[in-house]
K.L.:
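I'd like to ask some things about the structure below.
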Amino acid sequence: QQQQQQTMEKMDAINQVFKCVVCLGSLKDARLCPHCSKMCCMDCMRRWLASNKNCPHCRQALREEDLINCRWAKDVTDKLGDVERALHQFAPRDIRTDFCGEHPDALLSLYCHTCGACVCHNCALWGSHREHHLEDLNQVCNSHVEQISRQLNVLRSRQKELLKLMQEVEVNVETTRKARDKACTAIQKQTDACITAVDDQLRDKLKTLVERKNTLSQQSQMLTSLLQEIETQLQSKAKSELLSRSARLTEMFHKVQRLPISEFSYAQVPAEFVTDASPPFQWGELIIPAFRAKCEGAEENKAYLSDDIAFAGHAWRLKAYPAGVPAVQGRYLSVFLELLVGPPPDELPQKPLYDWVIEVACHDGSVAPISRESTSEFQKGDCWGFERCCRLEHIKQPGYLDAHGALLLRFAVRHVSYAQQVRVQEWYINKLEREAQERETVKEDLVRRLAAAQAKLIVSDASRGRPLAHPHAAAASQPDLLLPAPQPTSTTAAAAAEAYADHAMEAAGQQPGPHDCVCNRHRQQAHARSLRALMDWLIGAHLTDGGG
């Protein structure tokens, strides 16, 4: 009795773990708080969070999407309910319940397996259970209690495993948060380092510009003083005194003009900063001559294309319509950036993004350049840009067109990050290695086939005693077959050609014919040398064509 009472108390304690922290009832559609691991009903917590923003148990900030779905809670609560009902069924009852219903004075002492009921000895001896399968009630009860205890042990083990898993989830949550904080700290350090590097570059640029400004200021002050002095003398001095000071004034003029004005025309300090956050831009330009005439329709509105800029397996170009595309023709300049060559999207883990800039440059610095920037995904053949890059009236203002009426457009492209640039460069390196391997395979196959055919021809001619024909002599009779000078080949190809030529000479020497004499021997050697030169030329031509 005491043991079963303790079991009931433990079951109540277990049931308290699987109660809702809001309604204190049985769990329905159980959810788990990620902070304190207390469980609740989904509907109860939804109603709670409608007016509160924290957990009702631990008071930590909580949102509905932060709750963890406990699919296993229903299975555990159902099993605990079955165990609890079984314990109540076999728990000690009032003494009056242990008497037989048919024989009030007899205690229940047997269990009828046939009927599934508890009976007394009178029912077993003289009643309706006389020929049934009977067993001592205490033994049956103890057997059931042992079976239930085993199930309880299984449930306790399962509960321990679940609690262990919950603790692992909590540890994982904490580890993830710490990792996030660590990553943010690393990013902050990198950001601070980038800002420091940019500040250092700015300091150097400003130092250079300040030095130039001081130099120009000194020259300007010198000229101002000289002009004031000359004007004063012109207004206050007599003619004779002015003539006497003429040599000194001329010397002062020469001193001031000793340095040409070009010495003070400095190249502009680039207003760009190199950082570790993103790769540098790759720049290109497009010059549109006689821009005003093309805008006014004096010439056909066609697309002007820039020279390609290539890097890491990419090729870009700028496409400009001086009078605009048909939708905005005559009002706006239309400019587009086109990717001619690039990596296929299925060969990269994720689609690459590119930062790109299109700029209408100012040739004399009198006005600010017009710049348009964007970030886009590009695939081979894609063309992104601006139909309304800028108004034509604005471009026709002084400053954008040079003395010949030409317009300068500048464009730049870069990867959004160094990580993406590394991925694309790895793809490009693998592509080059595959192409080199394919060319090497084709070259080796070509060398083998050519050498085998030439060796077979030489052996056949030598066996018949024919004079060996000179390939260049045959080519001289047909101008279309003239061969250029042998191209340089690799060491392996040259060695193979030499080996095949030596083999041909040896084969020719082993098959003497009727004209086997010293002169014929010289012709054979000359033919072998020509064969070696021919093979060198063929191998060199193959390498020059890239395996074509």
Side-chain angles (χ1 to χ4, degrees), residues 176 179-202 204-205 269-286 305-320 333-361 368-390 408-434:
T176 304
R180 180 260 180 194
D181 296 339
K182 186 176 180 180
C184 290
T185 303
I187 293 173
Q188 187 62 43
K189 289 181 179 179
Q190 293 178 359
T191 304
D192 295 341
C194 291
I195 294 175
T196 303
V198 170
D199 291 339
D200 293 340
Q201 296 178 44
L202 176 62
D204 296 339
K205 293 176 185 292
V269 174
E272 297 178 359
F273 296 89
V274 179
T275 67
D276 293 336
S278 57
F281 278 104
Q282 304 292 328
W283 285 90
E285 63 181 31
L286 170 63
L305 305 176
S306 69
D307 293 334
D308 301 346
I309 57 172
F311 61 93
H314 293 69
W316 307 81
R317 72 178 178 188
L318 192 68
K319 182 187 297 184
L333 168 69
S334 300
V335 186
F336 302 93
L337 182 65
E338 184 178 6
L339 177 61
L340 301 175
V341 179
D346 55 347
E347 294 187 10
L348 294 177
Q350 53 184 327
K351 294 182 179 179
L353 283 172
Y354 303 91
D355 295 329
W356 51 283
V357 180
I358 297 176
E359 182 180 284
V360 180
I370 303 172
S371 181
R372 299 287 185 266
E373 301 180 5
S374 184
T375 300
S376 307
E377 291 182 359
F378 276 88
Q379 296 182 14
K380 180 180 178 181
D382 284 352
C383 196
W384 294 94
F386 303 95
E387 290 184 353
R388 296 173 172 84
C389 182
C390 55
L408 174 61
L409 299 176
R410 303 176 69 240
F411 65 100
V413 190
R414 72 177 179 187
H415 295 281
V416 293
S417 65
Y418 277 105
Q420 175 181 300
Q421 180 174 332
V422 169
R423 288 194 296 269
V424 174
Q425 287 179 343
E426 288 178 349
W427 162 82
Y428 187 52
I429 291 172
N430 294 333
K431 175 187 174 185
L432 293 179
E433 289 177 349
R434 290 195 303 268

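Only heavy atoms go into these numbers, but all of them, side chains included; no hydrogens, no water, no symmetry mates. All figures in this text were calculated on a predicted structure; none of them were measured in a lab.
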K.L.:
With rounding to the nearest 0.5 angstrom, report the CZ to CG distance, Arg317 to Asp308.
P.N.:
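The CG atom of Asp308 is 6.5 Å from CZ of Arg317, to the nearest 0.5 Å.
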
K.L.:
Do the ring planes of His415 and Tyr354 sit parallel (below 30°), tilted (30 to 60°) or perpendicular (above 60°)?
P.N.:
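Plane angle between 30° and 60°, so tilted.
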
K.L.:
What's the shortest heavy-atom distance between Val341 and Leu339, and which atoms?
P.N.:
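Result for this residue pair: O-CD1, 3.1 Å.
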
K.L.:
CG of Asp307: more than 12 outside heavy atoms within 6.0 angstrom?
P.N.:
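Count not over threshold, so no.
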
K.L.:
Are Val360 and Val335 side-chain neighbours, meaning at least one heavy-atom pair lies under 4.5 Å?
P.N.:
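Val360 does not reach Val335 side chain to side chain.
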
K.L.:
So, do Phe378 and Trp316 sit near enough that their side-chain heavy atoms are less than 4.5 Å apart?
P.N.:
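Heavy-atom side-chain distance check passes, below 4.5 Å.
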
K.L.:
What distance do Leu337 atom CG and Asp382 atom CG have between them, rounded to the nearest 0.5 Å?
P.N.:
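So the gap between those two atoms works out to 10.5 Å.
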
K.L.:
For the pair Val424 and Leu348, evaluate side chain to side chain contact (heavy atoms under 4.5 Å, CB included) and give the outcome as yes or no after the intermediate values.
P.N.:
CA-CA 8 Å; Val424 174; Leu348 294 177; 4.3 Å; yes

K.L.:
Where do Ile309 and Gln282 come nearest, in terms of heavy atoms and distance?
P.N.:
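For Ile309 versus Gln282, the nearest heavy atoms are CD1-O, 3.6 Å.
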
K.L.:
Quick one: closest heavy-atom pair of Trp427 and Pro344, and the distance?
P.N.:
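Answer, listing the atom of Trp427 first, then Pro344: CZ2-CD, 3.7 Å.
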
K.L.:
Rounded to the nearest 0.5 Å, what's the gap from CD on Glu377 to CD on Gln350? Could you check?
P.N.:
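Answer rounded to 0.5 Å: 9.5 Å.
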
K.L.:
For the residue pair Glu426 and Asn430, confirm or rule out a side-chain donor-acceptor distance under 3.5 Å.
P.N.:
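No - no donor-acceptor pair under 3.5 Å links their side chains.
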
K.L.:
Once you round to the nearest 0.5 Å, how far does CD1 of Ile195 lie from CG of Leu202?
P.N.:
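Output value for this atom pair is 12.5 Å.
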
K.L.:
Looking only at atom types and distance, does a side-chain atom of Arg372 sit under 3.5 Å from a main-chain N or O of Cys389, one as donor and one as acceptor?
P.N.:
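Yes, Arg372 side chain to Cys389 backbone: donor-acceptor pair under 3.5 Å.
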
K.L.:
Are Phe411 and Trp384, when compared by the centres of their aromatic rings, separated by less than 6.0 Å?
P.N.:
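Between Phe411 and Trp384, the centre distance exceeds or equals 6.0 Å.
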
K.L.:
Does any part of the side chain of Asp355, heavy atoms only, come nearer than 4.5 Å to the side chain of Val413, both counted from C-beta?
P.N.:
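They are not in side-chain contact.
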
K.L.:
Checking Ser306 side chain against Leu318 main chain: does a donor-acceptor pair fall under 3.5 Å?
P.N.:
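Flag set: sc Ser306 to bb Leu318 pair under 3.5 Å.
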
K.L.:
Is the backbone N or O of Leu353 less than 3.5 Å from a side-chain atom of Gln420, with the two atoms forming a donor-acceptor pair by type?
P.N.:
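Checked: pair present.
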
K.L.:
Out of curiosity, Glu338 CD to Lys319 NZ, how far, rounded to the nearest 0.5 Å?
P.N.:
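That separation rounds to 4.5 Å.
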
K.L.:
What's the separation between atom CD in Glu373 and atom CZ in Phe281, rounded to the nearest 0.5 Å?
P.N.:
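Glu373 atom CD to Phe281 atom CZ measures 6.0 Å (nearest 0.5 Å).
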
K.L.:
What pair of heavy atoms forms the shortest contact from Gly385 to Trp356, and how long is it?
P.N.:
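Minimum heavy-atom contact is CA-CH2, 3.7 Å.
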
K.L.:
Specify the closest pair of heavy atoms between Ser278 and Val416, including all atoms of both residues, with the distance to one decimal.
P.N.:
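Minimum heavy-atom contact is CB-O, 3.9 Å.
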
K.L.:
Restricting to non-hydrogen atoms, name the atom on Pro369 and the atom on Ala361 that form the minimum distance, rounded to 0.1 Å.
P.N.:
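So the two residues come closest at CB-CA, 4.4 Å.
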
K.L.:
Is the number of heavy atoms from other residues, nucleotides or ligands under 6.0 Å of Arg180 CZ greater than 12?
P.N.:
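Incorrect, the count does not exceed 12.
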
